[in-house]
There are 2 protein chains.
Amino acid sequence: MLVSTRGRYALRVMVDLAQHQSQGPIPMKDVAQRQQISLKYLEKILPVLSKNGYIVGTHGKGGGYQLTRAPEKYRVGDILRLTEGDLAPVACLEAGAAPCQQRDTCPTRSLWCELGRRVNEYLDSVTLADLMKESH
Amino acid sequence: MLVSTRGRYALRVMVDLAQHQSQGPIPMKDVAQRQQISLKYLEKILPVLSKNGYIVGTHGKGGGYQLTRAPEKYRVGDILRLTEGDLAPVACLEAGAAPCQQRDTCPTRSLWCELGRRVNEYLDSVTLADLMKESH
DNA sequence: TTAAAACCTACTGAATTGGTTGGTTATATG
DNA sequence: CATATAACCAACCAATTCAGTAGGTTTTAA
């Protein structure tokens, strides 16, 4: 499993926010109910998105979250890398991984590199706007 | 992380066996030493490969493992699906997963399907023979 | 008979996953 | 000003997976 619930839920929340973009701040309570996800769990996932300027949250009554750009400006890959930490297909290619001993002679290394490249390339080719067209 | 040590090690063992194909049965003790992998851990990973006819093990002194076909006849994807159980990018697409409630309305479902399709397609396009050319 | 190999079963420590509990702080509204 | 509602924050937790270990049994060549 490459993408856990963190990334999957984050993506669904972003699509939900995109779909209700015109209605001002959207409280997470509503999104949680619509998406059938625990509100408390969502509250743990969202901070990384607001800290990086992907969404903005307004406190208090009438508050909620809003996108900061148009849906076409969000790449799925960016959202997933932020919430998942990494999209590397194997541990030895992850950001904080200890440099592999057999790096120079490993016959499978370029396989994993190319796989990772293709995964990121595909996820970067899809935007939130593309996903909005999916729901019916 | 899509592929754990199980799949990664299995692949390296298969490449090692391919490279020593002409030398008759290769004991896992030798492979473990060459690949710097725990012999006991390898012994836990290999049974699924021999049970499915990918390799054949001969007992006793002078025994070991051997490939059952030419390296070009092994697709990397097959080896990984066997040792990892699944190459689904998300839990809701895994073989034994409970059918998702929002399956029909989920705006991200086709994204995951297409991602999984691309991952499998790439890994099925590479063979053991391709990986043999990598090591130097 | 013995050494060496595959093969089998049970256990284990550490990390990750997928949350829950229980708050604090900020703000719009009556 | 009180209150309801929202984001935000920190600690904890059960279950599962990961990456092995430990300790065998069975099979076979020499």
Side-chain angles (χ1 to χ4, degrees), chain A residues 1-10 12-13 17 20 23-33 35-66 68 83-86 88 90-92 94 96-98 100, chain B residues 1-10 12-13 17 23-33 35-52 54-66 68 83-86 88 90-92 94 96-98 100:
Chain A
M1 191 182 53
L2 181 72
V3 178
S4 70
T5 51
R6 287 184 62 86
R8 266 158 53 216
Y9 289 177
R12 280 166 59 192
V13 168
L17 290 180
H20 298 84
Q23 300 166 34
I26 308 294
M28 264 311 108
K29 201 181 77 177
D30 295 5
V31 179
Q33 201 151 52
Q35 301 293 328
Q36 295 281 84
I37 302 172
S38 149
L39 171 63
K40 281 299 192 175
Y41 190 39
L42 277 191
E43 285 182 338
K44 224 176 70 166
I45 296 173
L46 292 190
V48 68
L49 289 172
S50 68
K51 266 168 192 154
N52 285 273
Y54 282 48
I55 53 177
V56 63
T58 54
H59 282 245
K61 208 167 190 171
Y65 285 101
Q66 274 177 296
T68 56
T83 48
E84 290 288 325
D86 213 319
V90 289
C92 54
E94 276 165 12
C100 175
Chain B
M1 192 184 48
L2 181 71
V3 179
S4 70
T5 52
R6 288 184 62 85
R8 264 159 53 215
Y9 288 178
R12 280 165 59 191
V13 168
L17 290 180
Q23 301 166 33
I26 309 293
M28 264 310 108
K29 201 181 77 177
D30 295 5
V31 179
Q33 201 153 52
Q35 301 294 326
Q36 294 282 81
I37 303 172
S38 148
L39 172 62
K40 283 298 193 176
Y41 190 39
L42 277 192
E43 285 182 340
K44 223 176 72 170
I45 297 173
L46 293 190
V48 69
L49 290 171
S50 68
K51 266 169 193 154
N52 288 85
Y54 282 48
I55 53 177
V56 63
T58 54
H59 282 247
K61 208 166 190 172
Y65 285 100
Q66 274 176 295
T68 56
T83 49
E84 289 287 325
D86 214 319
V90 289
C92 53
E94 276 167 12
C100 176

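Numbers restart at 1 for each chain; the letters A, B, ... are given by sequence-line order, proteins then strands.
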How many whole angstroms separate atom [atom1] of [X] from atom [atom2] of [N]?
| X | N | atom1 | atom2 | value |
| --- | --- | --- | --- | --- |
| Leu39(A) | dA7(D) | CG | P | 8 Å |
| Tyr41(A) | dT16(C) | OH | P | 14 Å |
| Gln36(B) | dA19(D) | CD | C1' | 16 Å |
| Tyr9(A) | dT17(C) | OH | P | 13 Å |
| Arg12(A) | dG18(C) | CZ | P | 13 Å |
| Asp30(B) | dA5(C) | CG | C1' | 11 Å |
| Met1(B) | dT16(C) | CE | P | 9 Å |
| Leu46(A) | dA6(D) | CG | P | 14 Å |

If every non-hydrogen atom of Tyr65(A) is compared with every non-hydrogen atom of Leu46(A), which pair is closest and at what distance? CE1-CD1, 3.5 Å
Show the nearest heavy-atom pair for residues Ala10(A) and Ile45(A), with the distance to one decimal. CB-CG2, 4.1 Å
With side chain to side chain contact (heavy atoms under 4.5 Å, CB included) as the criterion, how do Glu84(B) and Leu2(B) come out once you've worked through the C-alpha distance, each side chain's angles and the decisive distance to 0.1 Å? CA-CA 9 Å; Glu84(B) 289 287 325; Leu2(B) 181 71; over 6 Å; no
When you measure from the side chain of [X], which nucleotide among [options] comes out closest?
| X | options | value |
| --- | --- | --- |
| Tyr65(B) | dA6(C), dT21(D), dT20(C) | dA6(C) |
| Lys40(B) | dG24(D), dA5(C), dG19(C) | dG24(D) |
| Ser4(A) | dC8(C), dG18(C), dG23(C) | dG18(C) |
| Lys61(B) | dT20(C), dA30(D), dA6(D) | dA30(D) |
| Thr5(A) | dT20(C), dA19(D), dG19(C) | dG19(C) |

What do you reckon, is CD of Glu43(B) surrounded by more than 12 foreign heavy atoms closer than 6.0 Å? yes
Please answer whether the main-chain N or O of Val90(A) pairs with a side-chain N or O of Arg8(B) as donor and acceptor at a distance below 3.5 Å. no
Between Gly63(A) and Arg6(A), name the one whose nearest nucleotide on DNA chain C is closer to the 5' end. Arg6(A)
Hey, which sits more toward the 5' end of DNA chain D by its nearest nucleotide, Glu84(B) or Glu43(B)? Glu84(B)
Assign Gly62(A) to base, sugar-phosphate, or nothing according to its heavy-atom contacts below 4.0 angstrom with the strands shown. nothing
For Lys44(A), which contact category applies under a 4.0 Å heavy-atom criterion: base, sugar-phosphate, or nothing? base
Is any side-chain N or O of Ser38(A) closer than 4.0 Å to OP1 or OP2 of dT20(C)? yes
Using a heavy-atom distance cut-off of less than 4.0 Å, which residues of residues 50-60 of chain A contact DNA chain C? His59(A), Gly60(A)
List for me each residue that meets side-chain contact (heavy atoms from CB on, under 4.5 Å) alongside Gln23(B), sequence neighbours excluded, and say none if there are none. His20(B), Ile26(B)
Cut-off 3.5 Å, no hydrogens considered: what does the side-chain donor-acceptor table look like for residues 51-59 of chain A, sequence neighbours left out?
from, atom 1, to, atom 2, distance (Å)
Asn52(A), ND2, Val48(A), O, 2.7
Thr58(A), OG1, Gly64(A), N, 3.3
Thr58(A), OG1, Gly64(A), O, 3.4

Could you go through the side chain to side chain contact (heavy atoms under 4.5 Å, CB included) check for Tyr41(B) and Thr5(B) one step at a time? CA-CA 10 Å; Tyr41(B) 190 39; Thr5(B) 52; 3.0 Å; yes
